[in-house]
Novice: 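Attaching a single structure in structure tokens format; questions to follow.
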Amino acid sequence: MSYKQIKNILKLNPNSQNIIVKGWVKTFRANRFISLNDGSCIENIQCVVDFETMKSEILEKINTGTSLKIHGSLIKSMGKGQNLEIKVTDIKILGECDIETYPIQPKKHSLEFLRENAHLRIRTNTFGAIMRIRSNISFSIHKFFKEKGFYYVNTPIITGSDAEGAGEMFKVTTLDLKNIPIDKKNMVNYESDFFSKETNLTVSGQLEAESLAMGLGNVYTFGPTFRAENSNTSRHLAEFWMIEPEMAFYDLNDNMNLAESFIKSILKNLIVECENDLNFLKNRLEQEDKMKPQKDRNELNLIERLNFVVNNDFEKITYSDAFEILKNCKLNKKKKFKYIIDKWGVDFQSEHERYLVEKHFKKPVIVYDYPAKIKAFYMRMNDDNKTVKAMDILFPGIGEIVGGSQREERLDVLKSRIKELKIDQKELWWYLDLRKYGSVKHSGFGLGLERLILFSTGMTNIRDVIPFPRTPRNAEF
Ligand code: ATP
Ligand code: MN
């Protein structure tokens, strides 16, 4: 007989059938009650031992963290807290756990402590729930695009162009760092490097995705992305996962609508498919809220927040209108923002984005038509020659969750933008080719997977929604 996952056992009708389970002990009480979890769901299964017949040398080895294989029969539980339990007939210790040093004791641990023990934190309820939700969201993303007729494409992780300008890059090299070859101009000579040119880890697959969209129609990437920005915030990772759809024939409006329905569809799935994990996190947040002063508490609980996003239209507003709101708001006039909003053209900081979302509109906001000066070279210039067809989606508690745009499809305009920004045009020869050979209107966006998971789980630090976070001065595990 093979073992069953606990999530499937919990759906069975108990009639003393034989059952085998495998998992890790959460708690072991009164030499009798083993609470076992196998990661398949947040619930544990209670296994009841008859300590008079069970060998004591086995019982002695059972602690929190021990891994077990248990044989028994599934019966209705008389106790409180569960409907089913396993009446144990045999226990095999798979791996003992040194309870003296095991960091994950059955008590509440701080998130900071768990980050230092990221290799074991997955055994806590909180991290089990987060990682199951992460998996659910990833799968829903593929499902959404498949149903919409998009193709999943893979763009390079090692790139030769640094034209995107989305952030600081990590260098990729096989040069001997103790003996770096220098050219006549006293610059690094990459001739003898692996690729005979300077290469980096990708900050975005967009430019290559555009090339693929110009033949496949609608495509998306879903892969690791690297940014060496030294900003130690709770929303930035040095290695994160980004989803970048790119659509031929889409304008900015189509792009915004797709992004909105995309996010809604993922959250809708999540609410249905991860009910128990979400409920656990909802309760966790409510406990946390109780420790905060009234004014800092969340008005809606986690599940209400998800439903709110699913059921309400996002607010769409131009940069210029958002600028007026921010410029004239009380916080700005009283100089309560760290960065004062005064001149049209300034970039919004996270504090401004959150004001728009949390205080002013009280729902997700899409800001579009940004000043060209603060956006990338490839964004479609508007007729005013001042703004570009860019859009950012802003979320409560997070700020920017999506950044996207309609792309400049006109060769001459694109070239003059590249010149203006003093980007090396040679590097972009292939990107410009796309505008020479059957260029069409097209658009796309990037969604940071971890930012969406932050919102979905109610967690507040991005280090807690990826298994092994990479941040400045931290690449443990
Ligand atoms: P921010 O202003 O928050 O740094 P950005 O403007 O640099 O974001 P984009 O270049 O538009 O972001 O990237 C698209 C999306 O990727 C963002 O909306 C965000 O969800 C996500 N993202 C960007 N940088 C990071 C990061 N360092 N860690 C995690 N997610 C990120
Ligand atoms: Mn950034």
Side-chain angles (χ1 to χ4, degrees), residues 134 137-138 141 155 159 162-170 200-207 209-210 220-246 252 255-256 258-260 262-263 266 314 319 339 346-354 356-357 364-368 370-371 373-379 388-407 443-457 459-472 474-475:
R134 187 179 167 108
I137 289 178
S138 299
I141 288 169
T155 49
T159 63
D162 68 348
E164 231 261 292
E168 296 293 311
M169 313 234 256
F170 288 101
N200 300 289
L201 293 179
T202 182
V203 292
S204 159
Q206 179 204 316
L207 303 191
E210 282 186 55
Y220 70 103
T221 71
F222 186 165
T225 309
F226 307 88
R227 296 194 184 175
E229 42 203 353
N230 212 344
S231 51
N232 230 325
T233 76
S234 55
R235 296 169 300 109
H236 289 91
L237 290 163
E239 176 182 292
F240 63 102
W241 288 70
M242 183 142 71
I243 297 93
E244 294 182 278
E246 192 68 38
L252 185 68
N255 196 20
M256 291 194 277
L258 179 78
E260 180 172 345
F262 170 59
I263 294 176
I266 304 307
F314 295 6
Y319 167 92
Y339 297 91
V346 293
D347 205 357
F348 298 155
Q349 304 294 322
S350 159
E351 57 178 341
H352 309 123
E353 296 175 342
R354 293 185 58 175
L356 288 171
V357 173
V365 177
I366 311 184
V367 181
Y368 64 99
Y370 276 85
K373 278 216 174 71
I374 55 171
K375 290 290 178 185
F377 74 94
Y378 50 72
M379 298 190 179
V388 288
K389 291 187 190 294
M391 62 108 172
D392 280 1
I393 302 187
L394 313 177
F395 257 53
I398 292 164
E400 182 186 329
I401 194 163
V402 163
S405 65
Q406 185 176 324
R407 321 303 190 189
S443 302
F445 62 84
L447 170 110
L449 176 67
E450 287 77 14
R451 298 231 178 133
L452 184 60
I453 303 173
L454 272 181
F455 181 74
S456 306
T457 55
M459 301 302 288
T460 50
N461 193 319
I462 201 160
R463 291 164 181 78
D464 296 330
V465 296
I466 187 164
F468 300 105
R470 299 287 175 254
T471 50
N474 171 38

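One-based numbering, in listed order, for ligands and for the atoms of each.
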Novice: Within the 4.0 Å heavy-atom shell around G403, which atoms of ligand 1 are there?
Specialist: 11 (O), 18 (O)
Novice: What are the two closest non-hydrogen atoms of R451 and I398, and how far apart are they?
Specialist: O-CD1, 3.3 Å
Novice: Between E168 and N230, is any pair of side-chain heavy atoms under 4.5 Å apart?
Specialist: no
Novice: Could you verify whether a donor N or O on one side chain and an acceptor N or O on the other, from Q206 and Y378, lie under 3.5 Å apart?
Specialist: yes
Novice: As an exercise, identify every atom of ligand 1 less than 4.0 angstrom from a heavy atom of M242.
Specialist: 13 (O), 14 (C), 15 (C), 16 (O)
Novice: Pick whichever of L394, I243, I401 has a heavy atom sitting closest to atom 20 (O) of ligand 1.
Specialist: I401
Novice: Thinking salt bridges, do E246 and R407 make one under a 4.0 Å N-O criterion?
Specialist: yes
Novice: I'd like the name of whichever of E168, E244, E229 reaches closest to atom 27 (N) of ligand 1 through any heavy atom.
Specialist: E229
Novice: Given H236, Q206, R451, which one has a non-hydrogen atom that is nearest to atom 19 (C) of ligand 1?
Specialist: R451
Novice: Would you kindly specify which portion of R227 sits under 4.0 Å from ligand 1, judged on non-hydrogen atoms: side chain, backbone, both or neither?
Specialist: side chain
Novice: Keeping E244 on the side-chain end and G205 on the backbone end, is there a donor-acceptor pair under 3.5 Å?
Specialist: yes
Novice: Which atoms of ligand 1 have any heavy atom of V402 under 4.0 Å away?
Specialist: 18 (O)
Novice: Report, in ascending order of atom number, the atoms of ligand 1 lying under 4.0 Å from any heavy atom of R235.
Specialist: 3 (O), 28 (N), 29 (C)
Novice: Answer yes or no: is there an ion pair linking R134 with E450, defined by an N-O contact shorter than 4.0 Å?
Specialist: yes
Novice: Should I462 be listed as contacting ligand 1, given a heavy-atom distance under 4.0 Å as the test?
Specialist: yes
Novice: Taking the six-membered ring for Trp, are F348 and Y319 closer than 6.0 Å centroid to centroid?
Specialist: yes
